[in-house]
Amino acid sequence: MSRVYNFSAGPAALPPEVLQQVRDDIPSWKNSGMTVMEVSHRGKDFIATAEKAEQDLRDLMSIPDNYSVLFLQGGATMQFAMVPLNLSKPGDTVDYVQTGSWSKKAIGEAKRFCDVNIAADSSETKFTDIPAEDSWQLSKEAAYVHITPNETIAGVEYHFIPEVGDKPLVADMSSNILSRPIDVARYGLIYAGAQKNIGPAGITLVIVRNDLINHHRPETPTLLTYEAFASSGSMTNTPPTFAWYVAGLVFEHLKNRGGLDALAEVNGRKAEKLYATIDSSSFYSNPVQKHCRSLMNVPFVLADAELDPLFLKQAEAIGLMNLKGHRSVGGMRASIYNAMPEDGVDALIAFMQNFEKENG
Ligand SMILES: *Cc1c(COP(=O)(O)O)cnc(C)c1O
C-alpha cells in the first residue's frame, strides 16, 4: 500500500523515515528481542532513549538551561487546567487573549480556578484576526498571560511575541511548535500536545522556566503538578513510553533535516504558494487577515459550497486526504505541518487549479 498525502489537522502525518525506523525496531529493539513497548521505563535502554529525546529537543529549540522539559500525558487540554493550578493562587487574576476555539477552551477551564481577564478578543471577526498588541488590556496584577500562538481551527497565527513585562507568558503551541525557531526565553511556559508536530497522541510537552515550577496549589493532585515531573525526570509514574520513543525519533529526524531554520524555510515556502493559489483565484478564498495567517493550518472555502463533496471525493481519489474543514468553519483545511513534504503541497495546488478549471 503506498502512502498518501495526509492533510489531517491531528493526529497528523508522521515522517516516513520515522515510521520506517519504528518498523525496523519491531520486534527487536536495540537487539533486545523485545519492543520498546515491552521494557521497563526505568531500565537503562529506555532512560537513554528518553534523555536523548530531551537533549535533541533542547538542541533543536535552543532551550536555555534554566528551563525544564517535561513529558506529560493528558494532552494540551489537561494543560488548560494544570497552568492555572500551578501558576496561580485562588482569587488571582490571569490574562488570556481569545483568538479562536482553543484559547476559548483554555479560558473556560481557567475560569474554574481564577478570575480570567480577557485582555483581547477577536471573536467579533469570527476569529480571522489577532488583535493588535497595543489594544490589549493587560491587568497589572495578572499571575500570567496566556496566548495561543497558532489557532488550529481558524488558521490564525501570531507572527510576533507579545511584550508582557515581568509576567510569565504562557503559550499553547500544540500546532506550531518546531515549525520555526522561537526565542524560548521570552516565555515562562510553553506546552504542546504531540499529535500535530511532535509524534503520536498520548504525550504532551511542557517547557517551563524553573522558578515557575514549585508554586502549585496545595490540594493539586500529584500528577497535575509540574514539580512531581520535574523532580522525577518525568517518571513520576509510567510515562507513555512508545509515544516518547517516537517523539525522540522525530526530534532526531528534524535535526537531520537541518533543524528549525531549515524547516522554517520549507514551511514558509509551502504556505506561501498555497495562499498565493487561493488569493489569485475567485474560486477559492481564505478569510484570515494576511498579517496573521497560519503557516501550519490553511483553511479555505470554495465559492460554491455545493461543490465541497465533489472536491473532497476527487482529492481523495488521487491520494490527497483529510482536507475537510473543521465543522465550525466549513469548507476545507489543509494542515501542512513539518511532515507534509513540499511535493504534497504542490500536488494539492495542481489539483485545486485543475478542479477550478473544470468547475469554475
Ligand atoms: C489540538 C489542539 C489542542 C488539543 O489538544 P489535545 O492534545 O487533544 O488536548 C489544544 N490546543 C491547540 C492549539 C490544538 O491545536
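Order of appearance sets the numbers: ligands from 1, and atoms from 1 within every ligand. Given the structure is predicted, the values throughout are model-derived calculations rather than measurements.
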Between [X] and [Y] (salt bridge meaning N to carboxylate O under 4.0 Å), is one present in this structure?
{"X": "Arg112", "Y": "Glu109", "answer": "yes"}
{"X": "Glu157", "Y": "Arg180", "answer": "yes"}
{"X": "Lys105", "Y": "Asp172", "answer": "no"}
{"X": "Lys167", "Y": "Asp95", "answer": "no"}

Mind listing the N or O contacts between ligand 1 and protein, cut-off under 3.5 Å?
residue: ligand 1; atom: 7 (O); partner: Ala76; partner atom: N; Å: 3.2
residue: ligand 1; atom: 7 (O); partner: Gln195; partner atom: NE2; Å: 2.9
residue: ligand 1; atom: 8 (O); partner: Gln195; partner atom: NE2; Å: 3.4
residue: ligand 1; atom: 9 (O); partner: Ala76; partner atom: N; Å: 3.2
residue: ligand 1; atom: 9 (O); partner: Thr77; partner atom: N; Å: 2.8
residue: ligand 1; atom: 9 (O); partner: Thr77; partner atom: OG1; Å: 2.5
residue: ligand 1; atom: 11 (N); partner: Asp172; partner atom: OD2; Å: 2.6
residue: ligand 1; atom: 15 (O); partner: Thr152; partner atom: OG1; Å: 2.4
residue: ligand 1; atom: 15 (O); partner: Lys196; partner atom: NZ; Å: 2.7

Of all residues at least two apart in sequence or in a different chain, which pass the side chain to side chain donor-acceptor pair (under 3.5 Å) check with Thr35?
-> Glu38
Donor on one side chain, acceptor on other, Gln55 and Asp59, under 3.5 Å | yes
